[in-house]
Amino acid sequence: ENAAIDRGIHPADWTNANIDRMRAQFRTMGASWDWSREVIASDPAFYRWTQWLFLQLYRAGLAYKAMAPVDWCPKDMVVLAREQVLGAERTCWRCGTPVVKRDLEQWFLRITRYADELLDFSQLDWPEPILLMQTNWIGRSEGAEIDFPVAPNGADTDAVAPIRVFTTRPDTIFGATFMVLAPEHPLVARLTIDDRRAEVEAYVAAARRETEIERLSAERERSGIFIGSYAMNPLSGERIPIWIADYVLPGYGTGAIMGVPAHDERDFDFARRYELPIRYVVAPRGVEPDPSAAFVAHTDDAVLINSGAFTGMSAAEGIRAIIAQVAEQGMGGPAVSYKIRDWLVSRQRYWGAPIPIVYCDVHGPQPVPELELPVLLPRDVDFAPTGVSPLQSHAGFLAATCPVGGEQARRETDTMDTFVDSSWYYLRYCSPRFEAGPWDPEAMRHWMPVNLYTGGAEHAVLHLLYSRFFVKALRDLGHLEFDEPFMALRNQGQILGADHHRMSKSRGNVVNPDELVARYGADTVRLFLLFIGPWDQGGPWSPTGIEGVFRFLSRVWNLAQPPITGSVRTVPAPIVPGMPPPRSIAGEIPGSGGTSADDLLALIEGSSRALRRITHQTITAVTEDYEALHFNTAVSKLMELSNAIGDGLEAGADDEAVQEAIDTLLLLLAPAAPHVTEELWAHRGRPYSIHQQAWPVADENLAAADLIELPIQVDGKLRDRLLVAPDTSEADIERLALASVRVQAHLDGKPPARVVHIPGRLVNVVTAR
RNA sequence: GCCGGAGUGGCGGAACAGGCAGACGCGUCGGUCUCAAACACCGAUGGGAGCAAUCCCGUGUGGGUUCGACCCCCUCCUCCGGCACCA
């Protein structure tokens, strides 16, 4: 929408032009999807069901409208979900502008109802960091809510209900020497005594004016103000002063805390500044707390002190006992608090799915009947953002009738957050043209849940959290039969601009794949993207090396293109392919001085046998790499196979081995470089299409080497290598290892203290030291 | 500040149930081809010593465990990501 405004065109045209462009781009890159299942979120045929879903949630009480302090992007002139406000700088996820707080009536989805179930990841094979991010975002804390009665002072505060606090450390209640309310707490005005009123009101006003960043700044000294009233500690009966301070947040817990300076760092700082008493009530057993010390963090071996009847209990016992006591007095009990907030989904923008609600003066807000869906987004709207939905100035859209009484009514003009569309799109893929509902239940059973989902980690607490919520809510409403949308998740890395920043037009560091495709061809670009580094890591873009991939594909072309007929080369005599004797490589094989072990092995096996071995080893290795998403090493192994084919030709490998190797190379390469492999496959007279052939299967016997190479170490340092038949006895291997002149040179004529022999891996000769 | 992830040649990166560090590719150097260049091909390429055989040093820092550590444990440093007074 913003881009369309910048260009002076309609968002629908801009969106559709982009869809066309991306389809074409994907096509040139050879991306192979089932295009018959394409869905477009801005198409009424899709958002009809987005609206339907909203109504299901509304009827179930999971969608509601409420006045609340919300995050507002002053540039986009729209509210944001808490998840869309990024980082300590608290910026808009879309444009990067710092957000501000506003009190507005908005639509929310009750994701908090699923907070506990969203913490259950037991069915998921997801990256640990994503699970941690979701866990932290949900932010579950167990503790207690405890009522502190207001102490009578003869004024009108006497009739005030007790003040409820939330704490995770009820065991420290005897250390509560003051109470703090958030400046926004509803009781502040009533509990402020007249003498203090002017100052308190000034403090509250100042707190409201401050941006959240300033307020949350850790650097700033804690501030607060005494409001003149007192509360009673429900267990000790102690009278403690009531303060307000902006370090207590209105939206978490109950918006009020008991101040326990001895055991909480923030309360400690606060007490120090305002000279409030600090009383230690928990200490490691047998240790006298040092009054000059700072706050004492929670430890496992701590016991309660100065805590009346609870003195002597362990901290864990104390927590249980004090909660029980408070509950018995009817003054609270166990409680759980969460950081996650309900999901704000309404947006004051044009380009989104309209929220299907109408407002009737007689019957209040009413859902649009399902048969009337979709509520169509009109095209002829002045969509410049003004802070209220542009739809408000569209008389035709606005006019509605009440579904209950038929009165004239007014349509909701806010549209839905784009993340509502993306929270369920994958469900529509199962039956994209289904008309009788959002999905065909039979297709749903066949396809869902998604077995492997790939995407960026930036969706951790956005799309991935919302989608889980949707599936659970729809399951509970009887629409789905599974608990999780995405069983396995893998995060790909992000390719950054050459300047190490995210690619963006404004930075001018965007790489356009079209130019590379035009220059090198799609297969080269695809292969290079796979080869550039680990798929899950990402990193700065550098085109260095794309030439190497291009050369590789050129070599494959040259190898596979002309059917090889009767190429004749000198063949070095193979050394007894059947039963080669064990031998030490260096020094003991005449003339083997400069020969690498691989070369020697090939020499012994014979070039045909060696090529077939490498071919079948490559099948296994590349298949495993693909399945593990290790594409960079898969490509390097394909390069090695192509090098081996070149060596085999050079050494006179027979045609059968060469042709098998080439066919295998093409088959393994086909997913990565679909175009060139298809063409070569056809040139070689193989049946169409290479992409419909069975995946090659490795023959274990062919993949097994006739000889294995064993490193020989002395004291952990490599000194020699042994080429032996796989079935050589351990005793023979150790005898050969010790017989090595290079090993002997490091033994100084003394017998070894020990020989560590890991069969098939290595031999380590340990000297007495 | 808290929670994650990562530090390997000139560069991208291999190798990680503890077992040959540097696969594969780029770049660089040398050579072949060419009138010349480009392309292509061949060879060399972690650092140091040596004519050589070979030896020493090397995976951010400093310790530790082990026959053996890029890998495990502890300390610190740097970079990237997330959260940010959540009581």
Side-chain angles (χ1 to χ4, degrees), chain A residues 86-90 127-133 135-137 139-141 143 165-169 172 180 212-213 215-220 222 245-249 251-260 263-267 269-270 337-340 457-458 460-461 494 496 500 528 531-534 536-540 542-549 551-552 554-555 558 586-587 593 597 630 632-640 642-643 646 709-721 742 745-746 752-758 760-767 769:
Chain A
L86 306 179
E89 301 75 25
R90 301 191 45 76
E128 203 61 35
I130 301 289
L131 302 185
L132 274 163
M133 282 163 74
T135 303
N136 294 336
W137 188 261
R140 183 180 203 274
S141 291
V165 303
F166 174 74
T167 178
T168 56
R169 295 291 308 279
T172 63
V180 189
E212 195 148 337
I213 311 167
R215 181 163 166 180
L216 296 182
S217 165
E219 260 87 273
R220 210 183 58 157
R222 260 173 237 308
D246 61 11
Y247 80 89
V248 175
L249 307 174
Y252 184 79
T254 61
I257 63 156
M258 59 180 198
V260 185
H263 304 292
D264 181 276
E265 187 168 20
R266 296 152 299 180
D267 296 346
D269 293 344
F270 193 73
S337 210
Y338 300 89
K339 291 185 195 172
I340 191 172
E458 68 273 14
V461 294
Q494 189 168 27
L496 305 173
H500 293 236
F528 179 60
F531 186 58
I532 193 170
D536 57 357
Q537 265 178 35
S542 159
T544 316
I546 194 168
E547 300 276 355
V549 172
R551 276 198 282 268
F552 164 62
S554 303
R555 276 195 297 270
N558 290 332
H630 294 164
N632 57 330
T633 49
V635 173
S636 77
K637 283 160 192 167
L638 292 171
M639 288 172 166
E640 288 181 274
S642 113
N643 292 342
E709 191 196 1
L710 281 184
I712 309 301
Q713 298 178 335
V714 177
D715 293 331
K717 289 191 176 182
L718 180 71
R719 295 302 178 191
D720 201 357
R721 297 183 171 101
R742 296 184 192 177
H746 290 270
R754 189 179 159 192
V755 176
V756 180
H757 182 188
I758 313 297
R761 300 307 298 247
L762 55 39
V763 177
N764 188 14
V765 179
V766 184
T767 62
R769 275 176 297 180

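Sequence lines set the chain letters: A, B, ... in the order given, protein chains first and strands last, and positions in each chain run from 1.
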Taking the same atom, P, in B/rG4 and in B/rC76, what whole-Å distance lies between them? 15 Å
Could you state the interatomic distance from CD (A/E547) to OG (A/S554), rounded to the nearest 0.5 Å? 9.5 Å
Between B/rA52 and B/rU61 - P atom distance, rounded Å: 30 Å
Using the C1' atom on both, measure B/rG25 against B/rG13 and round to a whole Å. 9 Å
Using the side-chain heavy atoms of A/N632, tell me which of these nucleotides is nearest: B/rA23, B/rG4, B/rG13. B/rG13
A/I257 CD1 to B/rA87 P, straight-line distance once rounded to whole Å: 11 Å
Integer angstrom distance from the C1' of B/rG18 to that of B/rU66: 9 Å
Would you indicate what A/T168 reaches in the nucleic acid, counting non-hydrogen atoms under 4.0 angstrom: base, sugar-phosphate, or nothing? sugar-phosphate
Tell me: CD of A/E547 to P of B/rG12, nearest whole Å? 19 Å
For the side chain of A/K339, starting at C-beta, report the closest nucleotide among B/rA23, B/rC86, B/rA87. B/rC86
Can you measure A/D267 atom CG to B/rA87 atom C1' for me and round it to whole angstrom units? 7 Å
Taking any heavy-atom pair under 4.0 Å as a contact, classify A/K717: base, sugar-phosphate, or nothing. sugar-phosphate
When A/M639 and A/G533 are each assigned the nearest nucleotide of RNA chain B, the 5'-most assignment goes to A/G533
Looking for any heavy atom pair under 4.0 Å, which part of the strands does A/G87 touch: base, sugar-phosphate only, or nothing? sugar-phosphate
Check whether any side-chain N or O of A/T633 sits under 4.0 Å from OP1 or OP2 of B/rC24, and answer yes or no. no
In whole Å, what separates the P atom of B/rC42 from that of B/rC80? 42 Å
Value for CD (A/Q494) from CD (A/E458), rounded to nearest 0.5 Å, stands at 5.5 Å
Under 4.0 Å between any heavy atoms, over every strand shown, what does A/N643 touch: base, sugar-phosphate, or nothing? Just pick one. sugar-phosphate
Set out, in order, the CA-CA distance, both residues' side-chain angles and the distance that settles side-chain contact (heavy atoms from CB on, under 4.5 Å) for A/V766 and A/V756, then state yes or no. CA-CA 7 Å; A/V766 184; A/V756 180; 4.1 Å; yes
Under 4.0 Å between any heavy atoms, over every strand shown, what does A/R140 touch: base, sugar-phosphate, or nothing? Just pick one. nothing
Report yes if some heavy atom in the side chain of A/S141 is under 4.5 Å from a heavy atom in the side chain of A/Y252; otherwise report no. yes
Closest heavy-atom contact between A/L762 and A/H757? O-CD2, 3.4 Å
Integer-rounded Å distance: B/rC2 P and A/L132 CG: 16 Å
Give none if B/rG68 has no partner; otherwise give the nucleotide forming a Watson-Crick or G-U wobble pair with it, both distances under 3.5 Å. none
Is a side-chain donor or acceptor of A/N632 paired with a backbone partner of A/I532 at a separation under 3.5 angstrom? no
Give one of base, sugar-phosphate or nothing for A/I532, where a contact means two heavy atoms less than 4.0 Å apart. sugar-phosphate
If the cut-off is 4.0 Å, is A/R551 near the phosphate of B/rA40, judged by side-chain N/O to OP1 or OP2? yes
Any donor-acceptor N/O pair under 3.5 Å between B/rC20 base and A/R721 side chain: yes
Is there a Watson-Crick or G-U wobble partner for B/rU61 with both distances under 3.5 Å, and if so, which one is it? none
Need one value for A/H746: base, sugar-phosphate or nothing, where a base atom within 4.0 Å counts as base even if backbone is also close, heavy atoms only. sugar-phosphate
Tell me what A/E458 touches on the nucleic acid: a base, only sugar-phosphate, or nothing, going by heavy atoms under 4.0 Å. nothing
Output yes when at least one side-chain N/O atom of A/N136 is less than 4.0 Å from OP1 or OP2 of B/rG4, else no. no
Looking only at atom types and distance, does a side-chain atom of A/D715 sit under 3.5 Å from a main-chain N or O of A/T767, one as donor and one as acceptor? yes
Counting heavy atoms from C-beta on, name the nucleotide in B/rG19, B/rA87, B/rA23 closest to the side chain of A/Q713. B/rG19
Heavy atoms only, 4.0 Å cut-off, all strands: where does A/T167 land among base, sugar-phosphate and nothing? sugar-phosphate
Nearest 0.5 Å please: distance from the CZ atom of A/R719 over to the CD atom of A/Q713. 10.0 Å
Are any of the side-chain heavy atoms of A/V635 and A/F528 separated by less than 4.5 Å? no
For A/R761 and B/rC20, is the shortest distance between a side-chain N/O and OP1 or OP2 below 4.0 Å? no
Between A/I130 (CD1) and B/rC83 (C1'), how many Å, whole number? 14 Å
Roughly how many Å apart are B/rG1 and B/rG63, using the C1' atom of each and rounding to a whole number? 27 Å
Hey, does the side chain of A/R742 come within less than 4.0 Å of B/rU54's phosphate (OP1/OP2), counting only N and O? yes
When rounded to whole Å, the CZ to C1' distance for the pair A/R555 and B/rA40 reads 10 Å
How should the glycosidic conformation of B/rG43 be described, syn or anti, under the criterion that syn lies within 90° of 0? anti
Counting heavy atoms from C-beta on, name the nucleotide in B/rG19, B/rC20, B/rA87 closest to the side chain of A/E709. B/rC20
Presence of A/R754 side-chain N/O under 4.0 Å of B/rG68 phosphate oxygens OP1/OP2: no
Nearest whole Å is fine: how far is B/rC11 C1' from A/I546 CD1? 16 Å
Touch check for A/N764, heavy atoms < 4.0 angstrom, all strands: base, sugar-phosphate only, or nothing? base
Is any side-chain nitrogen or oxygen of A/H630 closer than 4.0 Å to OP1 or OP2 of B/rA14? no
Report the base-pairing partner of B/rA52 (Watson-Crick or G-U wobble, both distances below 3.5 angstrom), or none. none
Would you mind pulling out the nucleotide paired to B/rU45, Watson-Crick or G-U wobble, both distances under 3.5 Å? B/rG27
Specify the separation, in whole Å, of atom CD of A/Q494 and atom C1' of B/rC80. 12 Å
Which nucleotide, B/rG25, B/rA23, B/rA14, lies nearest any side-chain atom of A/S636? B/rA23
Mind checking the P distance from B/rG27 to B/rU75? Whole angstroms is fine. 44 Å
So which nucleotide does B/rG4 pair with, by the Watson-Crick or G-U wobble rule with both distances under 3.5 Å? B/rC80
A/W137, nearest nucleotide to its side chain (from B/rC24, B/rG13, B/rA84): B/rA84
For B/rC35 versus B/rU45, give the span between their P atoms, rounded off to a whole number of Å. 32 Å
Electrostatic pair A/D264:A/R266 at N-O distance under 4.0 angstrom: yes
